[in-house]
Amino acid sequence: MEIVGSSKIRKDAFDKVTGKARFVDDYKRGDELYAVTFRSPRPHIKIISIDTEEAKKIEGVAGVFTYKDIPGVNKVPLVFDDYPFLAEDVCKFYGQPIALVVAVSKEIARKALKKIKLKYKELPAVFDPLEAMKKDAPKIYGKDNVFRAYKIRKGDINRGFKEADVVIERTYRTNYQVHSYLETQGMLAEPSIDGSITVYGTMQCPFYVLDAVSNILGIPQSKIRVVQTTTGGAFGGKEDVPSIVAGHAALCSFLTNRPVKLIYTREEDFDSMSKRHPGWINIKIGAKRNGKITAIKVKYVLDGGAFATLSPIVLWRGTVHSTGPYDIENVWVDSFAVATNKVPCGAFRGFGQPQANFANESIIDELAHELKMNPLELRKKNFLDIGKKTATGHLIKESCGLKKVVDKITKISNFNKKWKDPQNKKGRIRRGIGIATSFYGVGLGAEGKFLEKAGAHVQIFKDGSVLVAVGNTEMGQGAFTVLTQIASEILGAPYEVVNIIEPDTTRIPDSGPTVASRTTVMSGNAIINACKILRRRIDDVVRDIFNVRGKVISKNGYYYAGGKRISYFDAVKECYNRRVKMAEQGFYRVEGTTFDRKTGIGDAYFTYTYSCMVAEVEVDIELGTVKILRFYSGHDIGKAVNPKLAEGQIEGGAVQGIGYALYENLVLEEGRIITNNFTGYIIPTIKDIPDDIRVVIVEEKYPNGPYGAKGLGEPPLIAAAPAIANAIFNATGKRIRSLPILPEKIVFQE
Ligand code: MOS
């Protein structure tokens with residue numbers, strides 16, 4: 001291999017660095033209108049009337065639309081159909097969309113917004129998921145406010161605890177996390193010449209947007225074109241909610257027959273778009289004196305907000321991974337995604353795992369403390385490995401580099417020496433080191449298997465340039481670069497002449513969502529399937545030209561066979577002369593994942609990525625501030641298609657994980673976010689991150705992955721917070737059981 005495994009320059013680097021890349025708000029149509037959203041002023045209301053007459057009278061207003069104007073179905077299509085595009089009789093969270101104003105300018109639209117008269121009655125609201133689960137709580141969803149519950153029952157939990165020499169039980173909490181993508185949500189919808197409608201915008205999942213636009217307009221999917229524009233960050237925050245923005249923009253365009261732009265302000269984006277779920281996790285764990293864990297019992301509650309959106313699936317991923325990368329015989333998990341009168345939570349890098357992992361990797365450290373063991377040794381006694389089983393009873397048969405990752409990370413961080421011999425444990429400034437591990441099921445898993453597919457279309461032009469169309473998106477993670485490398489490697493085409501275009505639903509089959517760290521495996525395999533067919537045809541031509549048999553090898557832009565060579569470009573030309581079909585579709589789907597909802601047993605995912613992180617911190621115990629001195633992050637990803645990009649993902653995940661652990665604090669009052677911008681909501685800057693982030697990549701090949709690759713997008717964030725919390729304990733003896741670890745928690749704990 002010459003292209004896969006080398007650190008090629010990003011396909012999108014030049015355009016992004018020079019400012020040539022165009023984000024949705026950069027597009028001008030000349031005759032476009034601007035839409036703004038009228039939202040619920042309170043967390044739970046019964047709507048009595050909406051009067052839009054005054055607003056409509058303002059000069060320059062092209063329309064004011066409510067649910068009554070929706071020609072199709074007023075439901076955002078996702079797991080459940082509980083979320084209306086525009087509220088009808090009730091609003092369940094502050095900021096829920098009620099109406100849309102369309103005008104010739106944003107200013108006029110905003111002016112008209114103030115003229116909408118809403119009459120409503122306040123309803124009792126509930127903001128805490130544990131309160132919402134109580135019998136007498138105000139009802140937001142169903143009979144019990146539970147969107148979804150899961151359980152895992154493996155082994156005999158009572159026997160497991162009886163066998164234990166030490167049993168501890170602890171409760172942990174995590175707060176929201178905001179994606180903080182630089183580009184806010186935005187869409188541009190316009191009528192097309194043929195009477196169809198085109199929607200452009202920032203998004204992860206064009207096929208979700210297609211479903212949504214078709215739903216709200218009540219027109220066939222074949223009459224809709226969804227095109228992703230350059231996307232300025234997403235992190236899960238552009239998985240499902242762009243469906244709402246796109247639905248609104250499409251509705252306004254459809255009803256006015258004009259191009260309509262709908263671009264969110266930062267505050268509006270904070271108020272109404274998805275977040276990482278706050279989590280509440282209670283764990284009881286038992287182990288023998290020698291460190292063998294005999295039983296673990298978990299209760300995991302996610303604060304879902306007002307509508308289900310992705311909560312059921314976020315909960316499922318969290319549940320499956322809630323007992324960590326360990327082989328534990330007796331497992332009991334109960335988990336709940338609960339409705340509250342707050343902004344709906346959804347996908348965010350890690351998808352229900354970071355909350356559970358913070359709890360699980362913290363309690364492992366607490367258990368080690370009780371057992372008077374080194375926390376690394378305790379983990380090593382229980383790690384998953386080939387021949388061991390996950391919490392859902394999934395027997396690991398291949399591609400498990402957990403021990404290798406842990407050995408490498410603990411060696412380069414000198415963990416054992418530093419952990420035993422922490423410095424300065426007496427003064428005001430105290431240093432400590434902490435470790436945490438995780439595993440990550442790649443792809444959508446058994447509960448999402450009906451979406452687990454991807455398509456690709458590969459076309460080789462006469463001049464040898466190649467166009468690859470895929471259904472998964474580039475959102476900054478480097479997907480296009482990695483996928484180009486894969487196509488280039490198989491075809492034998494120079495990397496520079498292969499291009500990938502942003503997904504367009506009219507030219508590529510539904511490829512599922514761009515989530516779950518699945519793109520390299522899914523789109524990668526779809527591309528391989530298309531390119532293999534093309535390559536076979538080219539090879540036949542090459543053999544025929546040289547009149548030889550046997551294998552054709554590609555290298556440095558040439559095909560070699562029978563001791564002769566022809567350049568890639570000449571071979572393509574010859575294929576064209578012979579009228580060879582030079583375009584192909586590829587498709588890939590995964591079979592074999594299982595999950596039994598009654599027992600929680602099954603082969604939940606097709607493969608897992610394994611991770612280990614170590615943090616070295618310096619804590620000022622008077623100010624409660626934490627400085628991360630060094631951060632080590634290692635991952636078994638099967639194969640690094642582009643090592644430099646993999647490193648970038650790992651460093652980025654560390655920074656986002658540090659933010660989650662120490663700084664990011666969304667504050668709500670009566671269901672309303674009061675830190676709804678970057679003045680109030682603090683994310684780490686370059687000054688807050690360690691100078692020294694060390695990356696380790698282990699490549700235990702996954703046989704069904706492209707060149708052995710698994711997934712990497714999300715794991716780099718997951719174990720960061722517990723590694724930091726464990727380091728703070730090692731430094732200070734203070735165990736902080738809630739995120740973020742704000743200075744006051746450190747100062748005021750015992
Ligand atoms: Mo991702 S959090 O699976 O969009």
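Predicted model only: the values in this text are computed from it and were never measured. One-based numbering, in listed order, for ligands and for the atoms of each. In this chain, residues are counted from 1 in sequence order.
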query = In order of chain and number, which residues sit within 4.0 Å of ligand 1 by heavy atom?
reply =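 Gln204, Gly236, Glu239, Ala347, Phe348, Arg349, Phe351, Val515, Ala516, Glu714.
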inquiry  = So, using salt bridge (Lys or Arg N to Asp or Glu O under 4.0 Å) as the criterion, who are the partners of Arg589 when residues are at least two apart?
reply    =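 In terms of salt bridge (Lys or Arg N to Asp or Glu O under 4.0 Å), with neighbours along the sequence ignored, Arg589 is linked to Glu591.
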Residues which pass salt bridge (Lys or Arg N to Asp or Glu O under 4.0 Å) with Asp26, listed by chain and number, not counting sequence neighbours =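 In terms of salt bridge (Lys or Arg N to Asp or Glu O under 4.0 Å), with neighbours along the sequence ignored, Asp26 is linked to no residue.
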key: Pairs flagged by salt bridge (Lys or Arg N to Asp or Glu O under 4.0 Å) wherever residues 512-525 is involved - sequence neighbours left out   =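 Passing the test, one end in residues 512-525: Glu452-Arg518.
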ask   = What orientation do Phe606 and Tyr702 show, parallel under 30°, tilted 30 to 60°, or perpendicular over 60°?
value =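 Ring orientation, 0 to 90° scale: parallel.
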request  = Could you tell me whether Tyr608 and His394 have their ring centroids closer than 6.0 angstrom?
outcome  =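 Yes.
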query = Is the closest side-chain donor-acceptor distance between Thr184 and Asp269 under 3.5 Å?
reply =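 Looking only at side-chain atoms, Asp269 and Thr184 do not form any donor-acceptor pair under 3.5 Å.
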